[in-house]
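Here the structure comes first, spelled out in structure tokens, and everything after it is commentary.
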Amino acid sequence: MRLFDTLTRTEHDLRPIDGSTYRFYCCGPTVYGPAHIGNFRTFVLQDVFRRTLETGGTRTLHVRNITDVDDKTIRDSQAAGQSLNQFTTGWTKKFHTDCEKLGLLPPHIEPGAVDHIPQQIAMIAKLIEKGNAYASDDGSVYFKISSFPGYGRLSRLDERELHLGKTQNARSSSDEYEKGSLSDFVLWKSRKPEDGENFWPSPWGEGRPGWHLECSAMIQEYLGDSFDLHSGGVDLVFPHHENEIAQSQCACGGHFAANWFHIAHLLVDGGKMSKSLGNLYTLEDLAARGHTAMEARYVLIGAHYHKPLNFTLDSLSGAREALAKLAKGARQLAARIDADTRLTSAGFGPFQAAWDSLNHDLNTPGALGGIFTGLRESANLTGTEAAAALAGFNRLLRALGLTLPEEVLHPSSEIPQAVQALADSRWQARLAKNWAESDTLRAQLAEQGWLVKDGKDGYTLEPAGS
RNA sequence: GGCGGAGUAGCCAAGUGGUAAGGCAAUGGUUUGCAAAACCGUCAUUCGAGGGUUCGAUUCCCUCCUCCGCCUCCA
């Protein structure tokens, strides 16, 4: 598989550096509230990335952290009257539930920051020892960015600093590279009254770790000095990932991540998501509007990860139809297969182009297009060919993490007895050619939000689509 | 202001130096008591605007316009 690398800005062939297992790290959620679909765009694409590697026969080691101590978790846990641990445990559970609904494979390792305080302290101590960090008077510790020549490579800070330098020089003649410059970032935050109970002892006094350091320490613990790939949303490029590189390379000396995989943001109705605009959707918000998590997943993989995706509620309805079409295609393919044919083919048949798309910079929309095209081309396959095609189709859907059981297509709303009775009466009226009665009952069902689909030998009921 | 990304049909969205995938919606037909569903079709001479290079550009270069992100916490 080939993938664009943020650092070198070129496509790389992905091969495990240890020769056997592709080891990668994803920055996980900060658990202080429900994750929204923008967060999930990142996690879903990371999941497709992993599934594509695995479908292609590569073993993976997927590490994704939980940020369970920072300003927001502390602030909101206090507001909720809970201990930090109670608070973050609750939201972590909620996150896991959402992930499951979206069909995300659980990471092999999911470390939390609070459980790795000793590792973080050890890393800070090493940075101080090597001259890359210094303690301030109040007991905080800062990373000295001037001590790391590579600082800013990932986010092209060179160009930006040229500009910053100019404006700063215009305003003041002070040396921006002086020790203690404002750009140095914090590794250890000294204890403050508003932290409440949430502090830990350290050689520099009581306090808590800085956010950037948490990831570096956990990466060191589970993936070591050098690993295959690091991923997150584009907004993490600077400063988070830039700082991780600085900390880890200075403390551990390895190459850190061989590849950087950043996922573009999700827009809603063409603009940024925000609570104030009321367009920040969680899975629950979507469920309240009658949309399944699988529909959301389909929408989220409907654009290339490198481009911003414009999310709309209409696109969810479109996703429902598209998923239904995929399910129908699979059924038709299955119907062509002779009973004694086994699905053993290793290729992708008519879906080869779709598979190729996925392996070329994780082109998920290209892959979806290829699947529909492949389905159309499958119309006249022989039983054996159809068996091979269906095997390819299934593997492709597994790589994309799409599942098509009926209950996904038709949300498993229980049909109330009264509705069922109404529908039965209508069917009887229809059989009796009592059209007026039949139409009246159909209208009543519609009022109650149910759609009748007549067939030759019966009917089906569906909740009216939104 | 700096840096990065993006502008493709009503909407979502691939792609390519050689003449525009796919999905949704819409629409014509078949079917239907009528609808819906289903099935078969149709649906961008054109890729933000203007120049340039080229036999040929949507794809490369330049200018301009617009949008988004980062520069402070953020997937």
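Residue numbers begin at 1 in each chain, while the letters A, B, ... track the order of the sequences. Atoms considered below: every heavy atom in the structure, side chains included; atoms not considered: hydrogens, waters and symmetry mates.
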What is the nucleic acid contact for A:Gly369, judged by heavy atoms within less than 4.0 Å: base, sugar-phosphate only, or nothing? base
With a 4.0 Å cut-off on heavy atoms, is A:Arg75 in touch with a base, just the backbone sugar-phosphate, or nothing at all?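 Nothing: the residue A:Arg75, judged by heavy atoms under 4.0 Å, touches no strand.
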On the nucleotide B:C70, are OP1 or OP2 found under 4.0 Å from the side-chain N or O atoms that A:Ser155 carries? no
A:Arg426 side chain N/O closer than 4.0 Å to the phosphate oxygens (OP1, OP2) of B:C34? no
Using the [atom1] atom on both, measure [N] against [M] and round to a whole Å.
N	M	atom1	result
B:U58	B:G50	P	11 Å
B:G48	B:A35	C1'	42 Å
B:A44	B:A25	C1'	16 Å
B:U46	B:A21	C1'	15 Å
B:G10	B:C43	C1'	11 Å
B:C24	B:U30	C1'	23 Å
B:G5	B:C40	P	43 Å
B:U59	B:U63	P	15 Å

Could you tell me whether [X] and [Y] have a side-chain N and a carboxylate O separated by less than 4.0 Å?
X	Y	result
A:Asp195	A:Lys189	no
A:Arg208	A:Asp71	yes
A:Asp285	A:Arg289	no

According to the interplanar angle, ranging from 0 to 90°, do the rings of A:Phe185 and A:His212 count as parallel (below 30°), tilted (30 to 60°) or perpendicular (above 60°)? perpendicular
Please give, in whole Å, the distance from [N] [atom2] to [X] [atom1]?
X	N	atom1	atom2	value
A:Leu358	B:A21	CG	C1'	16 Å
A:Arg430	B:A35	CZ	P	13 Å
A:Leu431	B:G33	CG	C1'	13 Å
A:Asp356	B:A21	CG	P	18 Å
A:Leu267	B:U66	CG	P	18 Å
A:Leu300	B:G23	CG	C1'	15 Å
A:His262	B:C3	NE2	C1'	15 Å
A:Leu266	B:C70	CG	P	13 Å

Which nucleotide in [options] has an atom nearest any side-chain atom of [X]:
X	options	result
A:His306	B:C73, B:A6, B:C68	B:A6
A:Phe372	B:G33, B:G23, B:A75	B:G23
A:Arg9	B:C73, B:G5, B:G23	B:G5
A:Leu236	B:A75, B:C71, B:G69	B:A75

Residue from A:Leu223, A:Val63, A:Thr60 passing side chain to side chain contact (heavy atoms under 4.5 Å, CB included) with A:Phe24: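 Only match with A:Phe24 under side chain to side chain contact (heavy atoms under 4.5 Å, CB included): A:Thr60.
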For [X], I'd like to know if atom [atom1] has over 12 heavy atoms of other residues, nucleotides or ligands within 6.0 Å.
X	atom1	result
A:Asp13	CG	yes
A:Glu100	CD	no
A:Glu11	CD	yes

cation_pi([X], [Y]) dist<6.0 Å, angle<=45:
X	Y	answer
A:Arg395	A:Phe348	yes
A:Arg64	A:Tyr25	no
A:Arg23	A:Phe227	no

Nucleotides 36-38 of chain B: which of its N/O atoms have a protein N/O under 3.5 Å away?
{"residue": "B:A36", "atom": "N1", "partner": "A:Asp454", "partner atom": "O", "Å": "3.0"}

Annotated structure of RNA chain B as dot-bracket, pair cut-off 3.5 Å, Watson-Crick or G-U only, | for inter-strand, is (((((((..(((.....[...))).(((((.......))))).....(((((..]....))))))))))))....
If each of A:Pro29 and A:Gly370 is mapped to the nucleotide of RNA chain B with the nearest heavy atom, which maps nearer the 5' terminus, i.e. the 5' end? A:Gly370
Pairwise 5' ranking along RNA chain B for A:Ala264 and A:Thr373, keeping only the more 5' one: A:Thr373
Protein-nucleotides 11-15 of chain B N/O pairs closer than 3.5 Å?
{"residue": "B:C12", "atom": "OP1", "partner": "A:Asn310", "partner atom": "ND2", "Å": "2.7"}
{"residue": "B:A13", "atom": "OP1", "partner": "A:Asn310", "partner atom": "N", "Å": "3.0"}
{"residue": "B:A14", "atom": "OP1", "partner": "A:His304", "partner atom": "N", "Å": "2.4"}
{"residue": "B:A14", "atom": "OP2", "partner": "A:Lys307", "partner atom": "NZ", "Å": "3.4"}
{"residue": "B:A14", "atom": "O3'", "partner": "A:Asn363", "partner atom": "ND2", "Å": "2.9"}
{"residue": "B:G15", "atom": "OP1", "partner": "A:Asn363", "partner atom": "ND2", "Å": "2.9"}

Would A:His360 and A:Phe4 count as a ring-ring contact (aromatic ring centres under 6.0 Å, His included) if you check the C-alpha gap in whole Å, the side-chain angles of each, and the deciding distance to 0.1 Å? CA-CA 9 Å; A:His360 186 199; A:Phe4 184 82; over 10 Å; no
With distance as the sole criterion, do the side chain of A:Arg156 and the base of B:C70 form a donor-acceptor contact below 3.5 Å?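 Counting by modelled atom types and ignoring angles, no donor-acceptor contact under 3.5 Å is found here.
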Are A:His12 and A:Arg2 close enough, and set up right, to give a side-chain contact (heavy atoms from CB on, under 4.5 Å), and what steps lead you there? CA-CA 5 Å; A:His12 290 178; A:Arg2 294 181 67 76; over 6 Å; no
Between A:Ala133 and A:Leu187, what is the shortest heavy-atom contact and its length?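 In this case the closest contact between A:Ala133 and A:Leu187 is CB-CD1, 3.6 Å.
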